[in-house]
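Read the structure below first, then the notes.
When a residue number appears, it is its place in the shown sequence, counting from 1. The structure displayed is predicted, hence computed values, not measured ones.
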Amino acid sequence: MHFTSLPEAYAPFGAALRYSLTNPSGSNLQIAVRRDDGTLLGTKQFLAATTCDIDIAPMLRHTLEMTPLAFDSGFYSGARRCLTVEVEASNDAETILSERRTFTATTEPIQRPSPLTTLPTKRLITPDGYDELTFVAEEPLEAIVTSSAGYHTTVESFASPTGGMQLFCLHASDFPRAERIVVEVGSIATIEYTVVPAIEGMQHVAWRSSAGSIEHYTFPTTERVNLETTKRYHRSPTARHAHCTSIEERMQLCSNYETPAMMRALSEVLTSEQVWLLRGEEYEAVDVVTLAAELHRHGTLRRLSIEIRSTHNNGTLWN
C-alpha cells in the first residue's frame, strides 16, 4: 500500500486537494486527516477498495481560525495562517503516513515567491496606523522600508528568520513624522503608503481575505451608532418594573471614495468569515450585518458603507 499522488505544497484548500493511493490487498481502508499538532480533522472509510481517491479540502476549510498580529514593524512567522497536515491510511495489515503538506487559505494556486493580498499596492495609512503584508517564499526575505518627510529620507532594512509563510508588520508610528512610506520586498512587491492625518470617528477594520491574508483598511467616517434593547417587565402592587435583557449596538462605517480595484477588495468585508475592529493593538471580532453594496457606477467613484456589531452578547463598539 502506498500513496500514488499528493497535492502540491501550498496548494489552496479553497479548491480540491486530492490524495490517491493503492491498496493491493483489496481490504477495507480507513483514512484519517490530522494537523501537524495531531488534531484530527476528519476521517473516511473505503470498503474492499484496491484504489482510493479522496479530496480532503472540505475537512480543512472551516478549521482554520486566523489570529491577527499587532507587533512592532518587522517580519514574523505566518505558520498559523496556513494548515500543515498529514494523511494516515490503514488496513488490517499496515498503516502508512503521507508526507506532510502545507496548504493555504486561498481559492487559487499561488506562485512562489509571491505576496498574498487583494488590496492595491498604493494605500493610505494614519500616523498610528497598522498594516500586515503576507508572503510565501521558500527562502527568507528582506524588506527595505523607506520613509520620507519633505527632503528627509530614512531607510531601514528588515530580514525574515525563515522561509515559508512570512508576515511583514508595518506600524506607521515606528516612522514618526513620515509623510510617505515605501516597503520593498525584493522583486516580489512594492507597497506605497501615503500617511494621512487621523480624524475623529475613523475606525480601523481588518478582515480575512480570499488571498489567505489579513487585510487592513481605515474607514474615515462613523456615520451613526444605533442601540437596540430588549426589556422584560413585571408588576408589583404599586408599580411596573423594567429589566433590560439584551443590548445590541450597531455601528455604520463609510469608506473614502475609492477606485474600482479598491472597492472590489473592500467588498470582501461583506463575505469574510472573520472581521475585526482594531482598538489600539487589540483586535475585537465583529459581525458585518450589511448584505449588499453597490461597487460600481459608470463615471463615478464609489464609497462602501457597512454596518457592524459585536460578536459578543450585549457587546458594545462605540467608545
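In this structure, CD1 in Ile96 is found 5.5 Å from CG in Leu21, a value given to the nearest 0.5 Å. How far OG of Ser267 is from CD of Glu294: 13.0 Å, rounded to the nearest 0.5 Å. The CZ atom of Phe175 lies 6.0 Å from the CD1 atom of Ile181; values are rounded to the nearest 0.5 Å. A distance of 6.0 Å separates CD in Glu86 from OG in Ser98, rounded to the nearest 0.5 Å. The CG atom of Asn226 lies 9.0 Å from the CD atom of Glu249; values are rounded to the nearest 0.5 Å. Distance CG/Leu270 to OG1/Thr290: 6.0 Å, rounded to 0.5 Å.
If you chain together ILVMFWY residues whose side-chain heavy atoms come under 4.5 Å of each other, Met165 ends up grouped with Tyr10, Ile110, Leu116, Val136.
For CZ of Arg177, the number of neighbouring non-hydrogen atoms (other residues, nucleotides, ligands) closer than 6.0 Å is 12 at most. The number of heavy atoms from other shown groups lying within 6.0 Å of CD (Glu8) does not exceed 12. At most 12 non-hydrogen atoms from other residues, nucleotides or ligands lie less than 6.0 angstrom from CD of Glu139. Within a 6.0 Å radius of CD1 in Ile199, other residues, nucleotides and ligands contribute more than 12 heavy atoms.
In this structure, Val225 is a member of the same hydrophobic cluster as Val286, with clusters built from ILVMFWY side-chain heavy atoms closer than 4.5 Å. When hydrophobic clusters are built by joining Ile, Leu, Val, Met, Phe, Trp and Tyr residues whose side-chain heavy atoms come closer than 4.5 Å, directly or via intermediates, Val155 is not grouped with Val195. When the side chains of ILVMFWY residues are joined at heavy-atom separations under 4.5 Å, either directly or via intervening members, Leu6 and Met1 end up in a single hydrophobic cluster. No single ILVMFWY cluster, assembled from side-chain heavy atoms under 4.5 Å apart, contains both Tyr193 and Leu266. Both Val145 and Ile188 are assigned to one and the same hydrophobic cluster, defined by single-linkage of ILVMFWY side chains at heavy-atom distances under 4.5 Å.
The minimum heavy-atom distance between Leu119 and Ala265, with the atom names listed, is CD2-CB, 3.5 Å. Counting all heavy atoms, side chain and backbone alike, Ala149 lies closest to Ala178 at CB-CA, 4.4 Å. Smallest separation of non-hydrogen atoms from Thr118 and Glu215: N-OE2, 2.8 Å. The two atoms that bring Ile31 and Ala89 nearest to each other are CD1-CB, 3.7 Å, heavy atoms only. Leu64 and Arg80 get closest at one heavy-atom pair: CD1-O, 3.6 Å. Residues Arg303 and Ser255 share a closest heavy-atom pair of CD-O, 3.1 Å.
A donor-acceptor contact under 3.5 angstrom links the side chains of Glu142 and Ser157, judged on distance only. In the model, Asn28 has no side-chain atom that pairs as donor or acceptor with a side-chain atom of Asn91 under 3.5 Å. Thr22 and Thr51 share no donor-acceptor pair across their side chains, judged by distance under 3.5 Å alone. Defined by atom type and a distance below 3.5 Å, a donor-acceptor pair is missing between the side-chain atoms of Gln274 and Ser272. For the 3.5 Å distance criterion, the side chains of Asp53 and Ser20 qualify, holding a donor opposite an acceptor. When only modelled atom types and interatomic distance are considered, Thr134 and Ser213 share no side-chain donor-acceptor pair under 3.5 Å. Side-chain atoms of Ser305 and Gln252 include a donor-acceptor pair closer than 3.5 Å.
Formation of a donor-acceptor pair under 3.5 Å by the Thr222 side chain with backbone atoms of Gly201 is found in this model. With Ser209 contributing its side chain and Ala211 its backbone, the two residues share a donor-acceptor pair below 3.5 Å. In this structure, Asn23 contributes its side chain and Ala49 its backbone to a donor-acceptor pair below 3.5 Å. Within the 3.5 Å criterion, the main-chain N or O of Glu108 finds a donor-acceptor partner in the side chain of Thr106.
Considering only heavy atoms from C-beta on, Asp55 comes within 4.5 Å of Leu17 through its side chain. Between Glu282 and Glu284, every side-chain heavy-atom pair lies at or beyond the 4.5 Å cut-off. Put simply, the side chain of Cys52 reaches to within 4.5 Å of the side chain of Leu29, judged on heavy atoms. Inter-residue side-chain proximity for Ile214 and Trp276 is flagged as met; some heavy-atom pair is nearer than 4.5 Å. Using a 4.5 Å cut-off on side-chain heavy atoms (C-beta onward), Thr39 and Arg34 make no contact. Counting heavy atoms from C-beta on, the side chains of Leu133 and Thr117 never come closer than 4.5 Å. Considering only heavy atoms from C-beta on, Val289 stays 4.5 Å or farther from Ile308 through its side chain. Leu253 has its side chain within reach of Met251: a pair of non-hydrogen atoms, C-beta onward, lies under 4.5 Å apart.
Classification of Glu248 and Arg250 as a salt-bridged pair holds, one side-chain N sitting under 4.0 Å from a carboxylate O. One finds no salt bridge joining Arg100 and Asp36 here, because no Lys/Arg side-chain nitrogen approaches an Asp/Glu carboxylate oxygen to under 4.0 Å. Arg123 and Glu192 are not joined by a salt bridge, as no carboxylate oxygen comes within less than 4.0 angstrom of a charged side-chain nitrogen.
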Open item on the list: Go through it in stages, so that I can follow the logic: the residues are His171 and Ser73, the test is side chain to side chain donor-acceptor pair (under 3.5 Å), and I'd like the CA-CA distance, side-chain angles, deciding distance and then a yes or no.
Closed with: CA-CA 5 Å; His171 256 301; Ser73 296; over 6 Å; no

TODO: Decide side chain to side chain contact (heavy atoms under 4.5 Å, CB included) for Leu41 and Val85; before the verdict, give the C-alpha distance in whole Å, the side-chain angles of both, and the deciding distance to 0.1 Å.
DONE: CA-CA 9 Å; Leu41 300 180; Val85 304; 3.9 Å; yes

Open item on the list: If you apply the rule salt bridge (charged side-chain N to carboxylate O under 4.0 Å, His left out), what do you find for Arg208 with Glu65, and how did you get there?
Closed with: CA-CA 10 Å; Arg208 175 177 163 179; Glu65 290 289 325; 5.6 Å; no

- [ ] Carefully, step by step, assess Ser148 and Thr153 under the rule side chain to side chain donor-acceptor pair (under 3.5 Å).
- [x] CA-CA 4 Å; Ser148 56; Thr153 298; 5.0 Å; no

TODO: Test side chain to side chain contact (heavy atoms under 4.5 Å, CB included) on Thr190 and Val182 and set out the steps.
DONE: CA-CA 7 Å; Thr190 299; Val182 179; 3.7 Å; yes

- [ ] Would you please test Leu167 and Phe75 for side chain to side chain contact (heavy atoms under 4.5 Å, CB included) and show each step?
- [x] CA-CA 6 Å; Leu167 309 177; Phe75 276 102; over 6 Å; no

Open item on the list: As a quick check of understanding, evaluate ring-ring contact (aromatic ring centres under 6.0 Å, His included) for Phe168 and Phe158, giving each step before the final call.
Closed with: CA-CA 9 Å; Phe168 181 79; Phe158 300 86; 5.6 Å; yes

Task: salt bridge (charged side-chain N to carboxylate O under 4.0 Å, His left out) evaluation trace for Arg101 with Glu99 - done: CA-CA 6 Å; Arg101 286 283 192 270; Glu99 296 179 7; 2.9 Å; yes

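Taking the centre of each ring, Phe103 and Phe13 stay at or above the 6.0 Å mark. Here Tyr130 and His216 bring their ring centres to under 6.0 angstrom of each other.
Here side chain to side chain donor-acceptor pair (under 3.5 Å) pairs that include residues 256-266, with residues two or more places apart or in two chains, are Tyr217-Glu258.
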